[in-house]
Amino acid sequence: MTDVPPIRISLADPAGEYRLLKDDLDAAVGRVMASGRYILGPEVEAFEKETAEYLGVAHACGVSSGTDAIQAALLALGIGPGDEVVTGAFSFFATAGAILRVGATPVFVDIEKSGFNADPAAVRDAVGERTRAVLLVHLFGQPVDVEAIGDLDVPVIEDAAQAFGAELGERKVGGLGSMGCFSFFPAKPLGCAGDGGLVSTDDSELAAILGSVRKHGAVGKNLHARPGGNFRLDPLQAAVLRVKLQRIDGWIATRRRYAELLRQRLAPLEAEGQTTLPFERPGTTCTWAQFVIRTQRRDDLRTFLGGRGIASEVYYPMPMPMQEVMGTLRSKEGAFPEAERAAGEVLAIPVHPLLAPSDVEEVAQAVLDFHEDRGRGEA
Ligand SMILES: Cc1ncc(COP(=O)(O)O)c(C=O)c1O
């Protein structure tokens, strides 16, 4: 058995973020501990206010995870059994899982030929009589082309779990539809120290409903007006997030610089048809939650990178409609050709802001060396 070296260049570094911000994070966590306010309260309210300002929306509702953010958004619209929600076929399964959990039916559409987001024309075509919402995922931090989708007669929910801070023109994602759903999973560009999420909206009525949904549908003490759950953001997590929110623009800028570096260094491989590189759609600001290249030899590349102590990951190996949980709705091979092709080719390589530029150089060189070793030109 050959020894695989330990990972030196990771895909995310939450412990590194802690080391960097230790004094501020310890003080923030200590403040909450000393306050005795461990459910909602001023820390969550302050985080909501600061985040709403950052996103350029009127309201933000802190919730327990990105998954629960989507579920809360669906519940806030009263979506349930018999209703359809249109969404792209390629995402982390939480996107479809939230639709299933409220008892609604996901209607999947294929992704764009270039890129990973739902194909705008397919989204428009899929909206039918039973559609109650469209759930658009800004995958890997690249905003969906909502302008190409155009106006729809149903609410648009953004799954912005991977896209905090991403922009379409001057507008941040989370403010493009009726509600935006964010995840603060520790490995995300804005990550907390556990689970956390948020729903953004400009609609005051929806904001009030979301506030109720996250507290069992409560509208007063022991008065429950609608189905909901315990979807509250923890104040300890809010305190951590408030510290990191101050860093997010700098971190995004570094991700963007590293993504550009990777694109430049790997450009020859793309020119030779060896890989397809991710790109930023003009008029958008991509936040590069992941830098996902495509190659038909991704499993070998993954092993090669691992051999050099470089992490990589397959996001995602199976389109959502093909998952077993879909039961009778499970799609057969060939139903979503672009999503299936992506699932067989994608590989995320390190791009996070705690890396040194020399780490990113090393990642690029390793990808180049892999192709050199195996002979250029044989895709
Ligand atoms: C696109 C997408 N949607 C939803 C989620 C769910 O977020 P969470 O893990 O915070 O529940 C994630 C998290 O990985 C995600 O990447």
Side-chain angles (χ1 to χ4, degrees), residues 11-12 14 47 51 60-75 85-102 104 106 108-109 111-112 115-118 123 133-144 156-166 173-174 176-177 179-200 213-214 229-234 236-238 240-241 244 255 278 286-292 313-321 323 325 339 342-343 346 348 351-352:
L11 285 166
F47 173 62
T51 309
C61 178
V63 294
S64 34
S65 69
T67 309
D68 291 341
I70 304 169
Q71 196 184 351
L74 293 166
L75 289 172
V85 178
V86 172
T87 195
F90 195 61
S91 178
F92 178 52
F93 192 75
T95 308
I99 300 171
L100 293 174
R101 264 172 72 201
V102 301
F108 295 105
V109 301
I111 57 171
E112 305 160 297
F116 301 103
N117 290 334
V123 169
V134 166
L135 178 53
L136 298 174
V137 186
H138 305 298
L139 207 64
F140 308 139
Q142 173 63 62
V144 173
V156 169
I157 302 171
E158 297 170 72
D159 178 343
Q162 301 185 6
F164 192 89
V173 304
L176 307 177
M179 282 173 281
C181 306
F182 293 91
S183 163
F184 304 124
F185 183 82
K188 294 280 190 270
L190 178 63
C192 56
D195 279 306
L198 180 125
V199 186
S200 56
V213 164
R214 80 172 164 187
N230 177 354
F231 302 143
R232 300 176 296 232
L233 177 66
D234 193 310
L236 284 165
Q237 302 303 348
V240 167
L241 287 162
K244 293 192 181 181
R255 280 181 188 270
C286 177
T287 49
W288 301 103
Q290 309 292 349
F291 189 90
V292 176
E313 193 54 78
V314 176
Y315 303 114
Y316 298 93
M318 189 188 286
M320 296 187 293
Q323 294 285 350
V325 62
V346 287
V351 74
H352 71 80

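In listed order, ligands and their atoms are each counted from 1.
Using a 4.0 angstrom heavy-atom cutoff, Gly197 does not count as in contact with ligand 1.
Contact of the Phe92 side chain with the Tyr315 side chain is not registered, since no non-hydrogen atoms from C-beta on lie closer than 4.5 Å. Looking at heavy atoms from C-beta onward, Thr95 lies out of side-chain contact with Phe108 at the 4.5 angstrom threshold. Within the 4.5 Å cutoff, no side-chain heavy atoms of Leu136 are placed close to those of Asn117.
Take Phe140 and apply the ring-ring contact (aromatic ring centres under 6.0 Å, His included) test, not counting sequence neighbours, and it matches Phe116. Listed by chain and residue number, nothing satisfies the salt bridge (Lys or Arg N to Asp or Glu O under 4.0 Å) test with Lys188 (two or more places apart in sequence, or in another chain).
Relative to atom 9 (O) of ligand 1, the option among Cys181, Ser183, Ala98 with the closest non-hydrogen atom is Ser183.
Near Gly66, meaning under 4.0 Å from one of its heavy atoms, ligand 1 places the atoms 6 (C), 7 (O), 8 (P), 10 (O), 11 (O). Close contacts of ligand 1 with Ser91, meaning ligand atoms under 4.0 Å from a residue heavy atom, involve 1 (C). Counting atoms of ligand 1 from 1 in the listed order, those under 4.0 Å from a heavy atom of Thr95 are 3 (N). Taking every heavy atom of Val137 and a limit of under 4.0 angstrom, the matching atoms of ligand 1 come to 1 (C). Remark: ligand 1 atoms within the under-4.0 Å shell around heavy atoms of Ala94 are 4 (C), 5 (C), 6 (C).
Proximity of Asp68 to ligand 1, defined as any heavy-atom pair under 4.0 Å, is not found for any part of the residue. The part of Asp159 lying near ligand 1 is the side chain, judged by heavy-atom distances below 4.0 Å.
Salt-bridge check for Asp68 with Arg232: failed, with every basic side-chain N at 4.0 Å or more from each acidic carboxylate O.
Nearest protein heavy-atom neighbour of atom 15 (C) of ligand 1: Ala161 CB, 3.5 Å. In this structure, the protein non-hydrogen atom closest to atom 14 (O) of ligand 1 is Lys188 NZ, 2.7 Å. Shortest contact from atom 6 (C) of ligand 1 to any protein heavy atom: Thr67 OG1, 3.3 Å. Ranking protein heavy atoms by distance to atom 16 (O) of ligand 1, first place goes to Gln162 NE2, 2.8 Å.
Cys192 contributes atom SG, which lies 7.0 Å from atom CG of Leu233 (distance to the nearest 0.5 angstrom).
Ring pair Phe47/Phe184: centre-to-centre distance below 6.0 Å.
Residues Cys286 and Gln142 come closest through the heavy atom pair CB-OE1, 3.6 Å.
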